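Contents: one structure, followed by commentary.
Keep in mind it's a predicted model, so treat the numbers as computed, not measured.
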Amino acid sequence: MTRPKGGELKGSKLHAKAMGMSLDHANKYADDVRNLIEQRLRIKGRTLDKTFVRAGRLLPKWAHREGHYLAQAAQHMGHPKLRPMIDEDRLKRAHNTLVAHLKTIDPVERRKTRILGVLGVVSFNLILVAAALLIFLMWRGYL
């Protein structure tokens, strides 16, 4: 970590850049992930935390953990005393793993799978109703 130069304040943007990562980087990471969730999962939210809450079971538990860390880091980057608590390597790793996972999700394939699942349930229920009707007709002696 480098020390701020003469006229720089500890909490200034120049000091944050000297430390390696700025508030803009953290917000860009959070916005990237939020935009990918909106594109791939069709879930919108004002903040990254709300987006992850709305995603629910569509994302694995580790993705929720990493997303929460990313959102929390973006908030902490704006605060000069909390900024040193952020692990930049973990922040980059969280961003990279979330982006890699979200890019593997195909919205068209998800839609097809959902439609096929509903059609499978409906057809199975129709077969059960038809079998129950045949059994009832045989029991009553009509067949």
Side-chain angles (χ1 to χ4, degrees), residues 1-4 8-143:
M1 183 160 59
T2 60
R3 298 184 71 185
E8 298 175 14
L9 294 176
K10 241 186 172 179
S12 70
K13 280 190 174 183
L14 293 175
H15 179 65
K17 287 191 187 235
M19 289 177 56
M21 181 165 290
S22 70
L23 176 64
D24 296 335
H25 283 94
N27 285 335
K28 182 185 175 297
Y29 285 168
D31 287 340
D32 286 346
V33 171
R34 197 178 83 230
N35 289 335
L36 270 175
I37 290 174
E38 286 178 9
Q39 290 172 0
R40 302 297 175 141
L41 299 177
R42 306 274 188 235
I43 295 173
K44 293 185 179 181
R46 286 186 183 170
T47 64
L48 187 61
D49 273 335
K50 289 187 181 195
T51 306
F52 271 99
V53 168
R54 290 181 131 197
R57 295 185 307 174
L58 295 176
L59 292 172
K61 199 173 196 176
W62 64 264
H64 282 277
R65 257 193 322 267
E66 297 294 328
H68 179 69
Y69 181 78
L70 195 63
Q72 196 174 29
Q75 288 176 348
H76 287 204
M77 282 300 262
H79 195 281
K81 288 190 177 185
L82 296 176
R83 185 180 295 129
M85 294 173 50
I86 298 169
D87 182 13
E88 292 178 16
D89 291 333
R90 181 168 179 216
L91 183 66
K92 289 177 186 177
R93 209 172 336 120
H95 173 259
N96 292 337
T97 56
L98 284 171
V99 167
H101 176 69
L102 290 170
K103 284 188 177 182
T104 61
I105 297 173
D106 185 16
V108 175
E109 189 65 34
R110 279 189 63 241
R111 195 175 312 121
K112 278 189 223 177
T113 304
R114 194 175 336 138
I115 290 171
L116 288 175
V118 168
L119 289 176
V121 168
V122 168
S123 63
F124 180 74
N125 287 336
L126 285 174
I127 291 170
L128 283 180
V129 168
L133 179 65
L134 284 175
I135 291 172
F136 176 74
L137 290 175
M138 287 173 58
W139 176 58
R140 297 296 288 171
Y142 294 115
L143 288 179

Can you run down the salt bridge (Lys or Arg N to Asp or Glu O under 4.0 Å) pairs that involve residues 54-71, sequence neighbours left out, and say none if there aren't any?
none
With sequence neighbours excluded, give me every ring-ring contact (aromatic ring centres under 6.0 Å, His included) pair touching residues 32-55.
F52-H64
Under the ring-ring contact (aromatic ring centres under 6.0 Å, His included) definition, can you give me all pairs with a residue in residues 74-100, not counting sequence neighbours?
Y29-H95
Distance in Å, [X] [atom1] paired with [Y] [atom2], rounded so as to fall on 0.5 Å steps:
{"X": "L70", "Y": "Q75", "atom1": "CG", "atom2": "CD", "answer": "11.0 Å"}
{"X": "L98", "Y": "I37", "atom1": "CG", "atom2": "CD1", "answer": "7.0 Å"}
{"X": "M77", "Y": "L91", "atom1": "CE", "atom2": "CG", "answer": "7.0 Å"}

At their closest point, which heavy atom of A26 faces which heavy atom of A73, and how far apart are they?
CB-O, 4.4 Å
Nearest heavy-atom neighbours spanning D49 and A71:
OD1-CB, 3.5 Å
Taking only distance into account, with no hydrogens and no angle test, what donor-acceptor pairs under 3.5 Å do side-chain atoms of residues 101-111 form with protein atoms, sequence neighbours excluded?
{"residue": "T104", "atom": "OG1", "partner": "H101", "partner atom": "O", "Å": "2.5"}

Output yes when R93 and D89 qualify as a salt bridge under the 4.0 Å nitrogen-oxygen rule, no when they do not.
no
Please tabulate, one pair per line, all N/O donor-acceptor pairs under 3.5 Å involving side-chain atoms of residues 126-143, not counting sequence neighbours.
none

Does the salt bridge (Lys or Arg N to Asp or Glu O under 4.0 Å) test come out yes or no for D24 and K28, once each step is laid out?
CA-CA 6 Å; D24 296 335; K28 182 185 175 297; over 6 Å; no
Any pair counted as side-chain hydrogen bond (donor to acceptor under 3.5 Å, both in side chains), so long as it reaches residues 34-44, sequence neighbours left out:
D31-R34
